[in-house]
Amino acid sequence: MTIRIDSATQISPMKAGTWAKPQVGAERQAPRTDSVEISQEGLRAQEAARFSRLETLPEGVDKDALMAQVQQWRQSHQLEVNWNAAVDPDHSIYAKSYMESLVCQYEGTRQKVETYYAQAHQENLSFANPHNHLVEKYKFSGSPYFRGDMTEAQRDMAFRQEEALLWGGRLALNDPWALAAFGGVPKGEDVEKTARAYAQSVIDGLIAEYKTTNQIQD
């Protein structure tokens with residue numbers, strides 16, 4: 001059966017085309033994909049880079065010698081140890097030592113104040129009514145025992161301190177007259193500085209003991 005196409009007849013408004021004849025023996029090829037081919041020179045360069053770090057090692061280094069070098073490096077690059085935390089991890093020893101120093105300083109001040117008024121206190125006790133004598137001495141200007149040689153502020157402080165000794169009360173530690181011979185009333189910052197120094201000295205002692213026990217050298 002044959003089919004005849006009339007060239008004068010238009011099949012579509014598009015330009016007519018012809019079918020290409022398949023080539024005899026042509027095989028259908030798969031789509032090409034990208035690929036990278038590394039040359040032998042490139043492979044050799046990769047191998048050289050992989051082992052380049054070994055070139056700095058001395059020839060014939062054995063395992064023991066290598067480990068010795070590693071240990072030496074570690075010793076020279078050790079991180080700084082927080083020795084305070086090592087011997088006092090919860091900070092309780094420092095805090096306790098700090099409070100002990102504060103108490104000790106305040107007790108020392110109290111003893112100085114008490115010593116300053118000790119003689120006047122014994123004089124008060126020599127009277128039948130010690131408190132009346134105290135009032136006459138510091139509050140009643142018409143009394144022969146009145147201390148007119150003192151300023152009003154000094155008399156008020158003396159009355160307070162001697163009354164505390166008489167009745168077992170608490171002495172005032174901010175007494176400039178009682179503490180004048182010791183440099184005056186201690187400043188709060190100085191008291192705290194002394195307490196911090198003492199607490200740190202306790203920690204330093206524990207650190208030194210720890211290093212000695214464990215044979216650790218600085």
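Here the structure is a predicted model, which means the values were calculated and not measured.
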### Message
I'd like to know whether Y210 forms a side chain to side chain contact (heavy atoms under 4.5 Å, CB included) with I216, so could you lay out the CA-CA distance, the side-chain angles of the two residues, the decisive distance to 0.1 Å, and finally the verdict.
### Response
CA-CA 8 Å; Y210 180 89; I216 299 175; 3.9 Å; yes
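- Scanning both residues, L102 and A195, for their nearest heavy atoms gives CD2-CB, 3.8 Å.
- Within the structure, the salt bridge (charged side-chain N to carboxylate O under 4.0 Å, His left out) test picks out the following pairs touching residues 109-118 (sequence neighbours left out): E107-R110, R110-E114.
- Here the CG atom belonging to L171 is positioned 11.0 Å from the CD atom belonging to Q111, to the nearest 0.5 angstrom.
- Results of the side chain to side chain donor-acceptor pair (under 3.5 Å) test with Y138 over Q154, E162, E163 single out E162 as the only residue that passes.
- L173 is connected to V191 through a chain of hydrophobic side-chain contacts under 4.5 Å among Ile, Leu, Val, Met, Phe, Trp and Tyr, so both are in one cluster.
- L166 and F140 are members of different hydrophobic clusters when ILVMFWY side chains are connected at heavy-atom separations under 4.5 Å.
- Note: Y145 and H133 have perpendicular aromatic rings, judged against thresholds of 30 and 60 degrees for the angle between ring planes.
- R155 places a side-chain N or O within donor-acceptor distance of the main-chain N or O of R147, the cut-off being under 3.5 Å.
- Every side chain to side chain donor-acceptor pair (under 3.5 Å) that S101 has, sequence neighbours left out, goes to Q105.
- Under a hydrophobic clustering in which Ile, Leu, Val, Met, Phe, Trp and Tyr are joined whenever their side-chain heavy atoms come within less than 4.5 Å, directly or via other members, M99 and Y106 fall into the same cluster.
- In terms of the side chain to side chain donor-acceptor pair (under 3.5 Å) criterion, T213 has no residue partners (sequence neighbours excluded).
- For residues 188-200, the pairs satisfying salt bridge (charged side-chain N to carboxylate O under 4.0 Å, His left out) are E192-R196, with sequence neighbours left out.
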#### Entry: Full working for side chain to side chain contact (heavy atoms under 4.5 Å, CB included) between I93 and L206
CA-CA 10 Å; I93 299 176; L206 293 176; 3.7 Å; yes
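- Note that OG1 of T194 and OH of Y98 are 10.0 Å apart. Values are rounded to the nearest 0.5 Å.
- Put simply, CD on E152 and NZ on K139 are 8.0 Å apart, with the number rounded to the nearest 0.5 Å.
- Counting heavy atoms from C-beta outward, R160 and D156 have side chains that stay 4.5 Å or more apart.
- Other residues, nucleotides and ligands contribute at most 12 non-hydrogen atoms within 6.0 Å of the CD atom of E209.
- You'll find the side chain of F127 stays beyond 4.5 Å of the side chain of L134, heavy atoms only.
- In this structure, L179 and T109 have side chains that are in contact, with non-hydrogen atoms separated by less than 4.5 Å.
- Between H91 and N84 there is no side-chain heavy-atom pair separated by less than 4.5 Å.
- With sequence neighbours excluded, the residues satisfying side chain to side chain donor-acceptor pair (under 3.5 Å) with Y117 are D175.
- Under the side chain to side chain donor-acceptor pair (under 3.5 Å) criterion, S143 pairs with E136, not counting sequence neighbours.
- M150 and F146 are assigned to two separate hydrophobic clusters, defined by single-linkage of ILVMFWY side chains at heavy-atom distances under 4.5 Å.
- Side-chain contact between K211 and W83: present, with at least one pair of heavy atoms (C-beta onward) separated by less than 4.5 Å.
- No side-chain heavy atom of V202 sits less than 4.5 Å from a side-chain heavy atom of K96.
- Under the 4.5 Å side-chain heavy-atom criterion for ILVMFWY residues, a single connected hydrophobic cluster contains both Y198 and V87.
- N129 CG to N124 CG: the interatomic distance, rounded to the nearest 0.5 Å, is 10.5 Å.
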